[in-house]
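Basis for what follows: all heavy atoms, side chains included, without hydrogens, waters or symmetry-related copies. Throughout, protein chains are lettered first and strands after them, A, B, ... in sequence-line order, and every chain is numbered starting at 1.
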Protein chains: 2
Amino acid sequence: MPRKAARPTASKDTQTAILDAAEELIQTHGSNGISYATISERVGIRKASIHHHFPTKDKLVEELVRRYARDFLTNVDLIVGSRRKAPAKLRAYIQLFESTLEAAPGRRLCLCGMLGAERENLSPQAATLLKRFYRDNEHRLGQILEAGRKEGTLEFAGDPRTVGMSLFSFLEGAMIVARADRGSRQFRQLSDGVMGLLAG
Amino acid sequence: MPRKAARPTASKDTQTAILDAAEELIQTHGSNGISYATISERVGIRKASIHHHFPTKDKLVEELVRRYARDFLTNVDLIVGSRRKAPAKLRAYIQLFESTLEAAPGRRLCLCGMLGAERENLSPQAATLLKRFYRDNEHRLGQILEAGRKEGTLEFAGDPRTVGMSLFSFLEGAMIVARADRGSRQFRQLSDGVMGLLAG
DNA sequence: GTCTATAGCGCGATAGAC
DNA sequence: GTCTATCGCGCTATAGAC
């Protein structure tokens with residue numbers, strides 16, 4: 001029985017370190033704003049070693065979106081499945097974005113908001129994953145909104161799914177606009193106001 | 001009296017052609033997604049000729065933001081100063097964004113929404129111009145919203161300027177999200193819904 | 001699995017002829 | 001004002017030693 005782990009496990013940490021560094025760098029500078037050199041400096045390995053784990057930049061970005069979407073939606077599902085009322089769920093959901101903007105170092109955007117701006121330069125696979133992330137979020141927001149209106153804690157006109165799509169678009173846009181000015185303070189001010197519009 | 005124009009006038013058209021091409025390319029691919037070579041192909045001149053008009057890429061981007069902000073805000077001021085009621089003004093304002101998304105070729109983002117995502121790679125001057133564009137738009141939206149509430153055609157809770165900032169953020173975000181999916185149709189669906197939330 | 005070294009190309013920018 | 005030519009550098013990606 002091997003003491004720790006024998007074969008393919010040692011690389012797992014390096015892969016994760018590469019993804020972590022790439023994620024933060026792309027959330028800040030965009031995928032067109034960084035290079036293998038940028039990542040390698042951050043991780044402390046050579047460019048060629050990154051190619052060993054992720055043969056092309058496109059594959060790296062695709063894996064990044066997959067991981068980000070999986071982790072993010074896991075958190076969203078925890079919120080959706082919790083026993084709180086709709087307004088509290090909405091606030092918790094919005095907090096996911098706010099904490100991203102506050103994450104050190106600097107002001108990070110949602111990975112998929114950033115990549116949405118760069119969409120025309122992405123691989124077709126990455127573009128598909130991106131669209132799926134948007135739809136998954138819009139769907140879950142629609143669920144929260146619909147339940148809130150039914151239980152009487154939220155008040156708004158129109159289709160919940162459409163309002164959910166609008167709320168999601170607002171959050172992605174607010175991260176970009178707030179980063180250029182007063183940061184997470186501005187983001188919180190705006191999202192509190194929007195919560196007010198939906199709660200009546 | 002010279003028949004047409006003697007000295008510094010012939011270049012004006014080339015400068016404009018460069019700015020036009022750069023604008024469309026950056027709205028689509030981002031400033032990190034294009035190069036002097038990309039622009040030169042589109043305009044039909046050589047890279048070196050672009051450097052004659054805009055010595056560095058930073059200066060080109062700065063001039064682009066200046067021109068875009070000037071033209072866009074001129075259109076906004078025409079809307080603000082018109083005799084229509086607030087809901088019609090709001091619709092006209094939103095139409096400015098929708099027509100950008102519809103502009104051929106392809107789906108263009110707001111230049112300043114795109115550059116907002118790339119903000120951390122911009123020159124300090126460009127970043128300042130960007131922030132000013134955001135604030136100018138938010139200010140004018142606040143005016144429209146406040147007037148609408150006073151005249152009784154709009155109904156919403158909270159500070160009009162804050163709601164204006166939120167609406168602006170929504171529009172920037174909706175362009176990005178809609179481009180990844182159903183385009184201007186989706187954008188119109190969402191913005192119509194938001195208009196409904198503000199009109200009661 | 002990580003390294004050095006390098007291929008092959010595109011980048012922003014400049015020099016200098018016309 | 002536009003061109004050709006080129007510099008110096010950074011990029012993605014690969015080959016091959018260890």
query = Does D:dG10 have OP1 or OP2 sitting under 4.0 Å from an N or O in the side chain of A:S35?
reply = no
task = Could you tell me the separation between the CD1 atom of B:I50 and the P atom of C:dC11, rounded to a whole number of Å?
result = 11 Å
ask   = Could you give the CD1-to-C1' distance, from A:I39 to D:dT12, as a whole number of Å?
value = 11 Å
inquiry  = The side chain of B:T38 is closest to which nucleotide in this list: D:dT12, C:dT2, C:dC11?
reply    = C:dC11
key: d(CD1, A:I45; P, C:dC3) in whole Å   = 6 Å
ask   = C:dA13, D:dG1, D:dT12: which one has an atom nearest the side-chain heavy atoms of A:H51?
value = D:dT12
query = Which word best sums up how the rings of A:F133 and A:F168 line up, parallel for under 30°, tilted for 30 to 60°, or perpendicular for over 60°?
reply = perpendicular
message = Nearest to the B:A48 side chain among D:dC3, C:dC3, D:dT12, which nucleotide is it?
response = D:dC3
ask   = Which class fits the ring pair A:F187 and A:F170: parallel under 30°, tilted 30 to 60°, perpendicular over 60°?
value = parallel
request  = When you get a sec, tell me which of C:dC11, C:dA13, C:dT4 is the closest nucleotide to the side chain of A:R46?
outcome  = C:dT4
query = Is any side-chain heavy atom of A:I34 less than 4.5 Å from a side-chain heavy atom of A:T28?
reply = no
ask   = Expressed in angstrom and rounded to an integer, what is the separation of A:I18 atom CD1 from C:dG1 atom P?
value = 11 Å
request  = Taking only the side-chain nitrogens and oxygens of B:T14, find out if one of them lies under 4.0 Å from OP1 or OP2 of D:dG1.
outcome  = no
task = Respond yes when some side-chain nitrogen or oxygen of B:S49 is under 4.0 Å from OP1 or OP2 of D:dC3, and no when none is.
result = yes
task = Provide, to the nearest angstrom, the distance between the CG atom belonging to B:N32 and the P atom belonging to D:dC11.
result = 12 Å
request  = For B:K47 and for B:G44, find the nucleotide of DNA chain D with the closest heavy atom, then tell me which residue's nucleotide is more 5'.
outcome  = B:G44
inquiry  = Show me the pairs that pass side-chain hydrogen bond (donor to acceptor under 3.5 Å, both in side chains) and involve residues 187-199 of chain A, at least two apart or across chains.
reply    = A:E98-A:R188, A:R182-A:Q189, A:Q189-B:T162
inquiry  = Whether B:H52 contacts D:dG1 is assessed here as follows: a side-chain N or O lying under 4.0 Å from the phosphate OP1 or OP2. Is that the case?
reply    = yes
ask   = Should the pair A:F72 and A:Y93 be assigned to parallel (<30°), tilted (30 to 60°) or perpendicular (>60°) ring geometry?
value = perpendicular
request  = Inspect the contact between B:R135 and B:E138 and indicate whether a charged nitrogen and a carboxylate oxygen are less than 4.0 angstrom apart.
outcome  = no
Nearest non-hydrogen partners of A:Y68 and A:E23, listed with the distance = CD1-OE1, 3.8 Å
ask   = Nearest-Å distance, CZ (B:F54) to P (D:dT2)?
value = 11 Å
message = So if I take residues 55-64 of chain A and measure heavy-atom distances to DNA chain C, which residues fall below 4.0 Å?
response = none
query = Where the side chain of B:Y36 is defined as all heavy atoms beyond and including C-beta, which of C:dA13, C:dC3, D:dT12 is the nearest nucleotide?
reply = C:dA13
message = What is the separation between atom CG on A:D13 and atom C1' on C:dG1, rounded to the nearest whole Å?
response = 13 Å
